[in-house]
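Predicted model only: the values in this text are computed from it and were never measured. Scope of the values below: all heavy atoms of this structure, side chains included, with no hydrogens, waters or symmetry mates.
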Number of protein chains: 2
Amino acid sequence: MNTPDRSPEDDRRDLAAMMVPIGRALTAGEQPILAAHGLSMWAYVVLVALADEPVRTQAALADAIRADKTRIIQVLDDLQHRGLIERSPDPSDRRSHLLSLTTAGQQLHRTARSGIRTYERRLLDRLPPAERSGLLGALATLSSLSWQELTAPGSGD
Amino acid sequence: MNTPDRSPEDDRRDLAAMMVPIGRALTAGEQPILAAHGLSMWAYVVLVALADEPVRTQAALADAIRADKTRIIQVLDDLQHRGLIERSPDPSDRRSHLLSLTTAGQQLHRTARSGIRTYERRLLDRLPPAERSGLLGALATLSSLSWQELTAPGSGD
DNA sequence: TATTGTTATACTCTATAACTATA
DNA sequence: TATAGTTATAGAGTATAACAATA
């Protein structure tokens with residue numbers, strides 16, 4: 001049995017062992033920025049999800065942000081009471097609520113997102129340009145892959 | 001107030017919004033590989049931490065892997081019962097246990113790590129070379145930063 | 001019968017407090 | 001008294017089950 005070829009790249013920590021702690025740090029870094037606007041992480045995720053276009057049901061929203069439908073109810077309650085989102089009963093199906101941002105919600109989303117971008121820019125400035133653009137490109141590419149492709153690549157995807 | 005300059009890079013999802021789900025997927029992708037060797041994620045993390053050199057106390061190990069000292073006890077119990085690690089009482093201070101891998105533990109670590117690398121290689125093969133090397137470089141750079149530098153970059157670090 | 005939204009419950013993971021044995 | 005390891009307990013976050021309203 002020969003020693004397999006090892007590229008220099010192989011002498012590194014496992015991907016998840018680097019990615020997960022960095023993700024935790026990013027979350028921790030965003031937290032005070034969001035808290036300054038009275039937003040929890042889930043509340044911000046909801047604002048982001050509704051920013052592009054309204055969503056027809058709470059279940060669809062939960063699905064889109066990979067959350068449990070029971071988990072976002074209190075988040076939606078709070079956002080609604082603060083006038084940041086609207087829950088309009090669908091006249092054609094009174095079971096479901098059309099979810100959309102109010103003007104105040106749109107503004108808060110833009111403000112919070114801007115704060116997060118400033119934070120991210122400061123962090124990314126510590127990376128050499130090639131790493132910075134490679135990271136952003138790789139994250140975009142990986143984000144576009146399905147769960148199956150991410151968790152079992154090369155096995156019939 | 002003018003519209004601020006926006007580079008094309010700014011038209012993307014938030015870093016954490018991409019990094020955290022990818023980290024979860026990587027963890028999920030590793031899980032069956034580890035389970036095939038009877039290893040939990042924490043058990044694997046312990047093997048990795050002990051692979052380079054023994055650790056003098058359980059508290060120091062917990063610290064090194066960012067775990068609570070109470071959390072790794074059952075993991076250590078299991079690894080010890082399976083003959084993968086040794087807990088040798090320190091003769092000079094019988095409160096503490098020197099932790100080290102047995103030969104079987106070293107072998108299992110190498111085997112599991114190799115399986116994980118194969119998985120990661122298949123996934124990384126889906127990335128263009130520049131993204132792949134940029135990602136690995138960026139993850140290494142970011143991993144080397146302190147918590148303070150990651151969560152509050154540019155504010156006196 | 002199935003689905004939307006909701007509430008109540010249980011489960012998992014993690015952290016805190018309290019104990020023992022050594023020092 | 002302080003520390004290493006352990007056990008027991010409590011807390012946060014999450015998912016599951018059960019319910020009422022509507023289709």
Can you check whether B:R87 has a side-chain N or O nearer than 4.0 Å to OP1 or OP2 of D:dA4?
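Answer no for this pair, as no side-chain N or O of B:R87 is under 4.0 Å from OP1 or OP2.
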
Taking only side-chain nitrogens and oxygens of B:Q74, does any of them come within less than 4.0 Å of OP1 or OP2 of D:dT6?
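No, because none of the side-chain N or O atoms of B:Q74 sits under 4.0 Å from OP1 or OP2 of D:dT6.
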
Using a cut-off of 6.0 Å, state whether more than 12 heavy atoms not belonging to [X] lie near its atom [atom1].
X     : atom1 : answer
A:R71 : CZ    : yes
B:R87 : CZ    : yes
A:R24 : CZ    : no

Are [Y] and [X] connected into the same hydrophobic cluster when the rule is that any two of I, L, V, M, F, W, Y join if their side-chain heavy atoms are below 4.5 Å apart?
X     : Y      : result
B:V20 : B:L139 : no
B:L98 : B:I65  : no
A:L61 : A:I73  : no

Between [X] and [Y], is there a donor-acceptor pair closer than 3.5 Å when you use the side chain of the first and the backbone of the second?
X      : Y      : value
A:T102 : A:L84  : yes
B:H81  : B:D77  : yes
B:R126 : A:P153 : no

Could you check which residues of residues 30-37 of chain A get a heavy atom under 4.0 Å from DNA chain D? Sort them by number, please.
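Nucleic-acid contacts, sorted: none.
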
Assign a letter to each nucleotide of nucleotides 14-23 of chain D from its 5' end: B, base within under 4.0 Å of a protein heavy atom; S, sugar-phosphate only; -, no contact.
SSBB---BBS

On a heavy-atom basis, which atom in B:A16 and which in A:E30 lie closest, and how many Å separate them?
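Of all heavy-atom pairs spanning B:A16 and A:E30, the closest is CB-OE2, 3.4 Å.
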
Boundaries of the DNA chain C segment in contact with chain B, non-hydrogen, under 4.0 Å
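Boundary nucleotides touching chain B, in 5' to 3' order, are C:dT14 to C:dA23.
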
